[in-house]
Amino acid sequence: PVSSALEVEVNEATQEVVARLRGSAALERLLLYTGWTLSLPKATAKAFGATGCRRIFPDAKEPQEQSTSTLGLPLHPVARDEVLKESLNPKLQALVEQDVTAHIGSDADSLLPRPKPISRAIVILQGGKVVAEAYAPGITPTTRLLGWSMTKSLHALVIGAAVRDGKVSLDQKFELNSTLSQNPGPDASAGGARKVALRELVSMSDVLPDLDENYNIWGAVPSMLFSSFSHAKFGLESAKKGTPENENAGEETKRRWSVQSESVQEGNFAWYYSSAVSNLLARLFREVFSSHREYLEWPWRSLLSKIGADSFVLGTDPSGTFVASSFSYASARDWAKLGQLVLNRGRWGDTQLIDEEYIDFIGQPHPLSGGFYGGSFWLNPGRQVTPEGPLQREPHIRRAEEQSGWTRDVLPPDALWMSGFQGQYVAVFPSLDAVVVRLGFEPTLAPEWDKVNFFAGVVENLVLLNPRQTQIRRLLSQV
């Protein structure tokens, strides 16, 4: 792995970490001794409390916001959760305990044993109570675990709290300074830039049709996440470079531009799952606040602290904007509370934190997503038949089918869920009054976690536990 080629220095006093190629520091010292000066590549990151760690760009063109270090909320120790009550079910508990220990040991029949995917934490709620909970060795109920792209869904809920508060509306439009001005459509400003409604951004409309969701080491997403000062600016500047007239543009990019041109003329955007769009959304959302401090504190003050989910760490990019695509950490129970909030239709106790209409919105599929995607939540395409659009035949729709098509046969039709890299899930099943959280890790060369069998077993047991479902099954058996 690449990490073995790096050496890392940790400074607890300054809360900084420096990473460089192994041996480069010694080489610099040797050359300095002989009279030569050479500065080899290295990267420095600094911790900023509840707003996570971010890379420091001392020579950034934009002025580094020195005050950012004082704006993040303090990072509190994670205490044992007292909000969710327990009522463990033996069958479900046995199932999750088996899953979190499945990676232990090796394949005796294999000449070259492969590592196994690891379920680090699993929490299942039904009726608002914990009915099953298990952790892998070394992971505890207070361990903060990375959600990766589940952050997109979390950010959508944070926006939902702002919609209820009146800070912004789903129909509010933002101007994009990008190549979209080539196909401005009916809502273009006088300068030609396309105005995009908030609901289009939350639903992952394809507003950057030249930027591929590429996770290769030199791909767009890693470059954005680990090498750029402003992730939103990275997406917009990449858009300027990736016009359809660019002879180096890929075939998928050209197809997306063709479809986008047709859709924009109709006043709509096509759909494409894009981390860059999520980070562009985060930067535009930042503009609705009167100060940077108010923006950074909003997720906790409006939502997370009110549901007792104070373990959350939400990372920002070096410019101080939340990385809405990828970087959020929390205990498994706090992830489960987000799912329970959705299950409660935005209500927590006696307080409505997010409007029910907004919860309906996140569960409504984008018309060109093939039924797979709503307002930053993945959906079971079996819930609704959507008319076939021009992108239904496109490669990224086929990829969505390959990744999520199994849900038709395994999950309840009304299922909606957060999903992240390496098998992170917060799944909400309204008809079963249940939330399922699975947080995992897949070592290099490990096969993919068997989500189909896991969820099939969980749903089967949840059906038996749900009084309403049990009554229906009993009635059907008498017919």
Side-chain angles (χ1 to χ4, degrees), residues 15 46-54 65 67-84 141-148 150-168 202 278-279 281-317 319-342 344 346-355 358-359 362 376 418 420 426 437 439:
Q15 293 287 286
K46 185 176 176 65
F48 292 89
T51 54
C53 299
R54 54 185 170 274
E65 294 184 81
S67 61
T68 302
S69 61
T70 66
L71 294 180
L73 298 177
L75 185 61
H76 298 293
V78 183
R80 173 72 188 189
D81 176 63
E82 300 295 337
V83 176
L84 299 175
T142 61
T143 303
R144 291 182 175 93
L145 296 171
L146 177 59
W148 285 113
M150 293 201 300
T151 312
K152 297 177 173 71
S153 308
L154 163 60
H155 192 250
L157 295 177
V158 169
I159 290 174
V163 170
R164 176 167 178 79
D165 192 66
K167 290 186 176 297
V168 70
V202 177
S278 293
N279 291 328
L281 168 62
R283 186 64 183 84
L284 294 172
F285 181 56
R286 177 175 167 178
E287 296 301 314
V288 309
F289 294 90
S290 59
S291 70
H292 191 199
R293 175 185 292 275
E294 184 188 11
Y295 166 73
L296 288 179
E297 293 180 347
W298 179 256
W300 289 271
R301 296 195 183 282
S302 68
L303 196 67
L304 299 175
S305 293
K306 292 186 176 181
I307 65 174
D310 283 320
S311 74
F312 267 97
V313 171
L314 276 60
T316 71
D317 66 14
S319 76
T321 299
F322 286 117
V323 185
S325 67
S326 310
F327 295 153
S328 57
Y329 301 76
S331 67
R333 282 196 173 205
D334 280 359
W335 280 112
K337 290 170 190 172
L338 283 181
Q340 187 66 40
L341 179 65
V342 174
N344 294 348
R347 192 172 188 83
W348 196 262
D350 296 329
T351 306
Q352 192 75 36
L353 300 177
I354 300 173
D355 291 333
Y358 190 89
I359 299 298
I362 65 175
S376 295
M418 313 177 191
V426 176
V437 175
L439 299 158

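Heavy atoms only: backbone and side chains are in, while hydrogens, waters and symmetry mates are out.
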Among residues at least two apart in sequence or on other chains, which ones pass side-chain contact (heavy atoms from CB on, under 4.5 Å) with [X]?
X: Ser291; answer: Arg293, Glu294
X: Ala156; answer: Val202, Tyr358, Ser376
X: Thr151; answer: Ser328
X: Val168; answer: Ala162, Val163, Gln172, Phe174, Leu198, Phe285, Val288

query: Do Arg144 and Ser311 get their side chains close enough for a donor-acceptor pair, meaning under 3.5 Å?
result: no

So do [Y] and [X] actually touch side chain to side chain, heavy atoms under 4.5 Å?
X: Leu353; Y: Lys306; answer: yes
X: Asn279; Y: Phe322; answer: no
X: Phe327; Y: Leu314; answer: no
X: Gln352; Y: Arg164; answer: yes
X: Phe312; Y: Trp300; answer: yes
X: Leu303; Y: Ile354; answer: yes

- line: Taken in chain and number order and not counting sequence neighbours, the residues that satisfy salt bridge (charged side-chain N to carboxylate O under 4.0 Å, His left out) with Asp334 are Lys337

[X] side-chain N/O to [Y] backbone N/O, donor-acceptor pair under 3.5 Å:
X: Trp335; Y: Gly147; answer: no
X: Lys152; Y: Ser325; answer: yes
X: His292; Y: Gly320; answer: yes
X: Asp317; Y: Ser319; answer: yes
X: Arg333; Y: Leu84; answer: yes

Looking at every heavy atom in both [X] and [Y], which two are closest together, and how far apart are they?
X: Ser153; Y: Met418; value: CB-CG, 3.3 Å
X: Ala324; Y: Ser278; value: CB-O, 3.5 Å
X: Leu154; Y: Leu338; value: CD1-CD1, 3.7 Å

- request: Show your reasoning for whether side-chain hydrogen bond (donor to acceptor under 3.5 Å, both in side chains) applies to Thr321 and Arg286.
  value: CA-CA 7 Å; Thr321 299; Arg286 177 175 167 178; 2.8 Å; yes

- prompt: When you look at Phe289 and Trp298, which way does the ring-ring contact (aromatic ring centres under 6.0 Å, His included) test go after all the steps?
  reply: CA-CA 9 Å; Phe289 294 90; Trp298 179 256; 5.7 Å; yes

- request: With side-chain contact (heavy atoms from CB on, under 4.5 Å) as the test, would you mind laying out the steps for Leu146 and Leu439 before giving the verdict?
  value: CA-CA 8 Å; Leu146 177 59; Leu439 299 158; over 6 Å; no

field: From Cys53 atom SG to Gln15 atom CD, the distance as rounded to the nearest 0.5 Å
entry: 8.0 Å

- request: Kindly compute the distance separating OG (Ser326) from NE2 (His155), expressed to the nearest 0.5 Å.
  value: 12.0 Å

task: Determine, step by step, whether Ser331 and Thr142 satisfy the side-chain contact (heavy atoms from CB on, under 4.5 Å) criterion, reporting the C-alpha distance in whole Å, the side-chain angles of both residues, the deciding distance to 0.1 Å, and the verdict.
output: CA-CA 6 Å; Ser331 67; Thr142 61; 5.9 Å; no

- prompt: What residues form a ring pair (Phe, Tyr, Trp, His ring centres under 6.0 Å) with Trp348, not counting sequence neighbours?
  reply: none

